[in-house]
Protein chains: 2
Amino acid sequence: MTSSPSALLGALDPTSDRAVFRQIADHLREAIDKGRFTEGAKLPSEAELVEHYGVSRMTVRNAISILQGEGLVHAEHGKGVYVRPRPPVRRLASDRFARRHREQGKSAFTVEAEAAGSRPEVDQLEVREERPSQDIAARLGGARKVLVRRRRYLLDGRPVEFASSYLPLDLARNTPIAQPNPGPGGIYARLEELGHRLERFEEEVRARMPAPAEVKTLRLAAGVPVIHLIRTAYDTEGRAVEVCDTVMAADAYVLAYQLPAI
Amino acid sequence: MTSSPSALLGALDPTSDRAVFRQIADHLREAIDKGRFTEGAKLPSEAELVEHYGVSRMTVRNAISILQGEGLVHAEHGKGVYVRPRPPVRRLASDRFARRHREQGKSAFTVEAEAAGSRPEVDQLEVREERPSQDIAARLGGARKVLVRRRRYLLDGRPVEFASSYLPLDLARNTPIAQPNPGPGGIYARLEELGHRLERFEEEVRARMPAPAEVKTLRLAAGVPVIHLIRTAYDTEGRAVEVCDTVMAADAYVLAYQLPAI
DNA sequence: CACAGCTACTCGTATAGACGAGTGGGGGAG
DNA sequence: CTCCCCCACTCGTCTATACGAGTAGCTGTG
């Protein structure tokens, strides 16, 4: 016998013109915000909420779906509705492409994850030649064919990021970059060995709700947006030598940048 | 008499184990992606979809609510469900805090918006003294009281950003910074006049779904995340002189950064 | 012609009920 | 005692219905 939700949740206000399911959502949200339900805690079941508020089940489900859309809770079939724990975030430092980080044997992702005590994995690696989209082609200065490297990154078994790198084919073909494992320091190290000394990166950051394919690939919970990052790498001659298109689970990342006050 | 949706939408697959409302959502999403419904176009009404698929209205509404959660469509009471137009985005360039931009009379937001042909407004301006949250205090090096400047930014009447600046009180009290209008070049110009020459900014970027208050302030549609940006400004002595906490409508912004390849 | 009101259409909210499917615990069979 | 099955509980899907409320166009009245 679980204790009645009445101890934690108030009563509806029949005089309010706020819809009943919104009032219920408000109650639950407030209870979560105030710590009456902590991370990982189980909310009252739909049946209990129906009983407590004296409304129909669809009304209760409607309320819960609001909280799901806000990313506050997630439902587990057959078990219950739980307050979503905030997963540990991975901080992308602004110096993550500093040359000194490339001197080591492992990839930046691996080194950084292990330093943070997480278990890194790379997954779904795919290397192929393609005709680029108009956008990618334009960013690469009009390349007509590109080498694409796709891969998925996981932390402790959880997918957190899916990235596609595009390189002009004339630059990458028949080089270690076209190998699944490009070697220590990653493709940036190889690019520099090939004579393309990197000068700067440009990053564009957007946020949006994920497409269904992204929900699947990143195993995203309801109410989790994605950060869409497009990075272009330029060499010292001003040529765009790589475009990396990355989709990240927004609840797993915080991006950090340093801006000089010129 | 509107034309039947049958011309644009397929039929359900009864052998599929995908839920009916998901199949309907898939159909509509595909039709939108393929341009059979363009931006601003009206989807078939709930009644028409009920008729077309032979399902109950709740099932159709369930399907539509998926698309709303993805930010693809929005419903207008009494009118219909429309494909969400992508609003013009404001690009925040990485040099937006360059000193040369402060030399002019107007604020960065105003100058930039007018250059882009939009009508900028600043709104809900509030200046007050407060005890900072633990997080803000830590970022400001342990300040116990701060001056807070809050304001909302609008483009062409649409709220796009809500920002709060926090400055150590000992630094900002009885200066033009404590005035509602701090004068040409904004508070960064005033800080430099006060002897705090700015050296660098640190920005942290997160994305998440908005809290209800943010939905209201930014008049956010369903399925639009927010970008949460926290910027700390440091002077040449390494002191944190301002923290700016900004919440932006994610569909209105793209952030651009330049990273040197050191 | 102008305008008020009716009406048909739209989505919003809410009810009551049914069945399906995943989970976990308790009790009975071996 | 161990294992398996069943049952109770959970959320997931779907139907059918009802009324409320916003919108827009048509129509009849003044």
Side-chain angles (χ1 to χ4, degrees), chain A residues 1-5 12-28 37 40-69 72-84 215 221-223, chain B residues 1-5 12-28 37 40-69 72-84 215 221-223:
Chain A
M1 187 67 71
T2 60
S3 77
S4 151
L12 296 177
D13 174 5
T15 70
S16 165
D17 56 356
R18 189 157 175 81
V20 173
F21 72 92
R22 291 188 200 283
Q23 290 189 52
I24 297 177
D26 291 345
H27 285 182
L28 291 168
F37 297 109
K42 184 176 169 301
L43 294 191
S45 74
E46 293 176 358
E48 284 171 323
L49 292 171
V50 162
E51 166 79 11
H52 175 71
Y53 287 110
V55 299
S56 81
R57 187 173 160 224
M58 287 310 294
T59 302
V60 164
R61 281 183 64 79
N62 220 336
I64 291 174
S65 84
I66 290 187
L67 301 181
Q68 288 193 57
L72 271 183
V73 304
H74 69 112
E76 294 184 27
H77 192 174
K79 298 177 72 178
V81 178
Y82 298 87
V83 179
R84 268 250 310 278
V215 170
Chain B
M1 187 70 69
T2 61
S3 78
S4 149
L12 295 177
D13 174 4
T15 71
S16 166
D17 57 355
R18 189 157 176 81
V20 173
F21 72 92
R22 292 188 200 283
Q23 290 189 50
I24 297 176
D26 292 344
H27 285 183
L28 291 167
F37 298 108
K42 183 174 171 301
L43 294 191
S45 74
E46 294 177 357
E48 285 172 322
L49 292 170
V50 163
E51 166 80 11
H52 175 71
Y53 287 111
V55 297
S56 82
R57 187 173 159 223
M58 285 311 293
T59 302
V60 164
R61 281 183 63 79
N62 220 335
I64 291 174
S65 84
I66 290 186
L67 301 181
Q68 289 193 59
L72 272 182
V73 304
H74 69 112
E76 293 184 28
H77 193 173
K79 299 178 72 178
V81 178
Y82 298 86
V83 179
R84 267 248 312 276
V215 171

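This one's a predicted model, so the numbers in the text were calculated from it and none came from an experiment. Residue numbers start from 1 in every chain, and the chains themselves are labelled A, B, ... in the order their sequence lines are given, proteins ahead of strands.
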Identify which nucleotide among [options] has an atom closest to any side-chain atom of [X], counting heavy atoms from C-beta outward.
X: A/Phe21; options: C/dT13, D/dT10, C/dT10; result: C/dT13
X: A/Thr59; options: D/dT13, C/dG20, C/dA14; result: C/dA14
X: B/Lys79; options: D/dT13, D/dT23, C/dC11; result: D/dT23
X: A/Glu46; options: C/dT10, D/dC11, C/dA14; result: D/dC11
X: A/Val81; options: D/dC14, C/dT13, D/dC11; result: D/dC11

Whole Å only: how far is the [atom1] atom of [X] from the [atom2] atom of [N]?
X: A/Gln68; N: D/dG12; atom1: CD; atom2: P; value: 6 Å
X: A/Lys42; N: D/dT10; atom1: NZ; atom2: C1'; value: 7 Å
X: B/Ile66; N: D/dT13; atom1: CD1; atom2: P; value: 8 Å
X: B/Leu49; N: C/dC9; atom1: CG; atom2: P; value: 16 Å
X: B/Tyr82; N: D/dT23; atom1: OH; atom2: P; value: 11 Å
X: A/His74; N: D/dC11; atom1: NE2; atom2: P; value: 12 Å
X: B/Arg18; N: D/dG12; atom1: CZ; atom2: P; value: 15 Å
X: B/His77; N: C/dT13; atom1: NE2; atom2: P; value: 8 Å

Does the side chain of [Y] come within less than 4.5 Å of [X]'s, by heavy atoms?
X: A/Phe21; Y: A/Ser56; answer: no
X: B/Val83; Y: B/Leu43; answer: yes
X: B/Arg84; Y: B/Val73; answer: no

Problem set entry | Under 3.5 Å: donor-acceptor pair, side chain of A/Gln23, backbone of A/Asp13 |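 Yes; judged by distance alone, with no hydrogens or angles, the pair exists.
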
Can a side chain N or O of [X] be found less than 4.0 Å away from OP1 or OP2 on [N]?
X: B/Ser45; N: C/dT10; value: yes
X: B/Arg61; N: C/dG12; value: yes
X: A/Arg57; N: C/dG17; value: no

Exercise. Using a cut-off of 4.0 Å on non-hydrogen atoms, how would the nucleic acid contact of A/Arg22 be classed: base, sugar-phosphate, or nothing?
Worked result: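 Contact class for A/Arg22: sugar-phosphate only.
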
Exercise. For DNA chain D, whose closest nucleotide is more 5', that of B/Gly78 or that of A/Ala47?
Worked result: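 Counting from the 5' end, the first nearest nucleotide belongs to A/Ala47.
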
Problem set entry | Residue pair A/Val50 / A/Arg57: nearest heavy atoms and the distance that separates them |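 Minimum heavy-atom contact is CG2-CA, 3.5 Å.
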
Exercise. Nearest nucleotide by nearest heavy atom, which residue falls closer to the 5' end of DNA chain C, B/Leu43 or B/Met58?
Worked result: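 Result of the comparison: B/Leu43.
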
